[in-house]
Amino acid sequence: MYCFATLVIPFKAQSLMIKLFKTIEPLQAYLNQERVAGKTIGFVATMGALHNGHMHLVKKGKEENDILICSVFVNPTQFTNHGDLENYPRNLEEDIMILEKEECDAVFAPSVEVMYPHGMVLMDMDLDGLDKVMEGKYRPGHFQGMITIVYKLLEIVKPHRAYFGEKDFQQLAIIKFMVHEKNIPTEIVGCRIIREKDGLALSSRNIHLTKEERAKAPVIYSTLKAAVEKINLLSPLQLQQWIKEQIEKTGFFKVEYVSFINSETLKEVSDWNGTDNRACIAVQAAQTRLIDNIPLPRSN
Ligand code: AMP
């Protein structure tokens with residue numbers, strides 16, 4: 001085994017076989033070598049503070065490819081709130097240990113200067129309105145930052161397949177759109193949401209929930225599940241209202257939006273007749289914002 005690490009691997013991780021890259025050129029030299037050897041490359045982009053949701057993507061990527069590379073980069077341009085960026089949990093050393101356990105082959109953990117050598121220049125891409133609804137309304141500019149970093153990472157890694165979670169459903173739809181528009185030859189693989197036993201979707205931000213908020217947070221998914229059972233009884237508007245009431249009556253959360261959308265166009269549906277629809281929700285606790293979603297069946 002060899003290691004192409006360009007910077008010193010943290011002391012605890014020195015005996016690990018996973019390769020750590022902090023700059024682009026050595027990473028690409030390694031990947032080119034693997035590509036020439038006929039290996040397929042899988043890629044998972046993360047902001048670190050890894051949990052089992054991320055690891056589901058890593059496992060799937062490892063199963064379906066010869067080489068799996070994971071990036072850990074807290075992307076400043078996708079944060080719309082400075083406090084959120086400052087408080088975002090960071091622990092690269094622990095992340096590397098977790099990735100090593102899953103037999104991830106390499107970690108790309110660049111600095112902001114490596115990813116944005118000319119300052120925070122954003123990709124100017126028309127996202128066909130996909131970035132204007134739901135998260136886009138509440139976090140203006142978020143998706144331009146997200147798509148900039150995903151485009152850069154896909155250009156650097158040039159993976160055969162890249163894995164993204166359905167947890168960030170709008171993000172996944174926008175990435176699929178961008179990859180299609182830019183003719184990027186990477187297959188984008190959507191992966192199911194991984195949840196705690198009580199239903200709360202795993203998120204790096206969950207650690208910021210207070211004890212009381214954490215105890216009540218499963219109401220988000222349980223309400224979405226109950227809503228699925230009601231689509232033959234209530235209109236989209238009535239169901240939106242019902243979901244909002246169930247969640248807000250806990251006293252801990254304010255619902256920012258509940259949207260019933262087509263999975264590809266992200267356009268709101270006005271009835272339950274279509275196929276491939278989703279319910280997406282964003283909920284604000286005192287300091288923490290949570291998102292979740294669930295597929296909707298066609299009504300009968
Ligand atoms: P993040 O580190 O939050 O940028 O997430 C990195 C990737 O992990 C994204 O593709 C997310 O959608 C995915 N992800 C985060 N949480 C989960 C989860 N609970 N289940 C499945 N995928 C997830």
Side-chain angles (χ1 to χ4, degrees), residues 42-64 68-81 84-85 87-92 94-96 98-99 102 104 107-110 112 115 134-135 139 142-154 157 159 161-179 186-209 214 217-218 220-221 224 263 266 278 280-283 288-295:
F43 175 57
V44 175
T46 80
M47 297 206 296
L50 300 180
H51 51 65
N52 284 336
H54 297 116
M55 297 327 287
H56 172 65
L57 274 53
V58 168
K59 278 184 198 146
K60 203 165 153 59
K62 184 73 191 171
E63 272 165 28
E64 296 179 358
L68 196 274
I69 162 146
C70 183
S71 65
V72 175
F73 179 67
V74 181
N75 176 33
T77 65
Q78 72 187 67
F79 284 79
T80 50
N81 172 323
D84 192 21
L85 172 61
N87 292 331
Y88 201 84
R90 292 165 170 88
N91 193 342
L92 181 59
E94 201 174 306
D95 289 341
I96 292 172
I98 294 171
L99 290 167
E102 276 319 317
C104 172
V107 183
F108 180 44
V112 171
M115 293 312 292
M134 301 192 290
E135 291 299 288
R139 305 177 71 194
H142 165 70
F143 287 120
Q144 288 297 341
M146 180 282 289
I147 212 68
T148 300
I149 201 67
V150 172
Y151 179 73
K152 282 175 185 251
L153 288 168
L154 292 179
V157 177
R161 297 183 193 87
Y163 298 80
F164 294 91
E166 288 181 347
K167 159 84 173 19
D168 300 279
F169 197 80
Q170 188 171 7
Q171 167 174 290
L172 175 60
I174 291 176
I175 292 169
K176 283 181 179 164
F177 175 83
M178 182 272 285
V179 162
T186 295
E187 181 190 342
I188 301 300
V189 184
C191 304
R192 72 185 167 88
I193 302 175
I194 305 300
R195 301 178 179 282
E196 300 281 5
K197 278 203 180 75
D198 61 15
L200 176 64
L202 296 187
S203 163
S204 306
R205 290 187 171 89
N206 289 353
I207 57 161
H208 295 315
L209 291 170
R214 175 63 192 85
I220 300 167
Y221 184 53
L224 289 180
S263 297
L266 304 185
R278 286 240 162 195
C280 297
I281 189 166
V283 162
T288 318
R289 199 166 171 280
L290 303 172
I291 57 170
D292 203 342
N293 65 82
I294 195 169

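For ligands, and for the atoms within them, numbers begin at 1 and follow the listed sequence. Throughout, numbering of the chain's residues begins at 1 and tracks the sequence.
- In terms of heavy-atom proximity, Arg90 sits nearest to Leu85 at NH1-O, 3.0 Å.
- Although no hydrogens or angles enter the test, the distance criterion places a donor-acceptor pair under 3.5 Å between the side chain of Asp95 and the main chain of Leu50.
- For the pair Ala49 and ligand 1, no heavy-atom separation below 4.0 Å is found.
- Counting atoms of ligand 1 from 1 in the listed order, those under 4.0 Å from a heavy atom of Phe164 are 10 (O).
- Within ligand 1, the atoms closer than 4.0 Å to a non-hydrogen atom of Leu202 are 16 (N), 17 (C), 18 (C), 19 (N), numbered from 1 in the order shown.
- Residue contact check: Lys167 has heavy atoms under 4.0 Å from atoms 16 (N), 17 (C), 18 (C), 23 (C) of ligand 1.
- Counting the atoms of ligand 1 from 1 in the order shown, those under 4.0 Å from a heavy atom of His51 are 15 (C), 16 (N), 17 (C).
- Ligand 1 lies less than 4.0 angstrom from a heavy atom belonging to His54.
- For the pair Asn206 (side chain) and Ala201 (backbone), a donor-acceptor distance under 3.5 Å is present.
- The side chain of Leu57, and not its backbone, has at least one atom closer than 4.0 Å to an atom of ligand 1 (non-hydrogen atoms only; side chain from C-beta on).
- At least one heavy atom of Arg192 sits closer than 4.0 Å to an atom of ligand 1.
- Contacts between Ala45 and ligand 1, counted as non-hydrogen atom pairs separated by less than 4.0 Å, involve the backbone only.
- Here the closest non-hydrogen pair linking Val72 and Pro110 is O-CD, 3.8 Å.
- The main-chain N or O of Arg161 is never found under 3.5 Å from a side-chain atom of Thr186 such that the two would form a donor-acceptor pair.
- In terms of polar-atom proximity, defined here as any N/O pair under 3.5 Å, Ile193 makes no such contact with ligand 1.
- Tyr221 has its side chain within reach of Ile294: a pair of non-hydrogen atoms, C-beta onward, lies under 4.5 Å apart.
- Not a single donor-acceptor pair under 3.5 Å links the side chain of Asp168 to the backbone N or O of Gln171.
- Here is the list of ligand 1 atoms found below 4.0 Å of a heavy atom in Thr46: 2 (O), 6 (C).
- In Glu102, the CD atom is crowded: over 12 heavy atoms of neighbouring residues, nucleotides or ligands sit closer than 6.0 Å.
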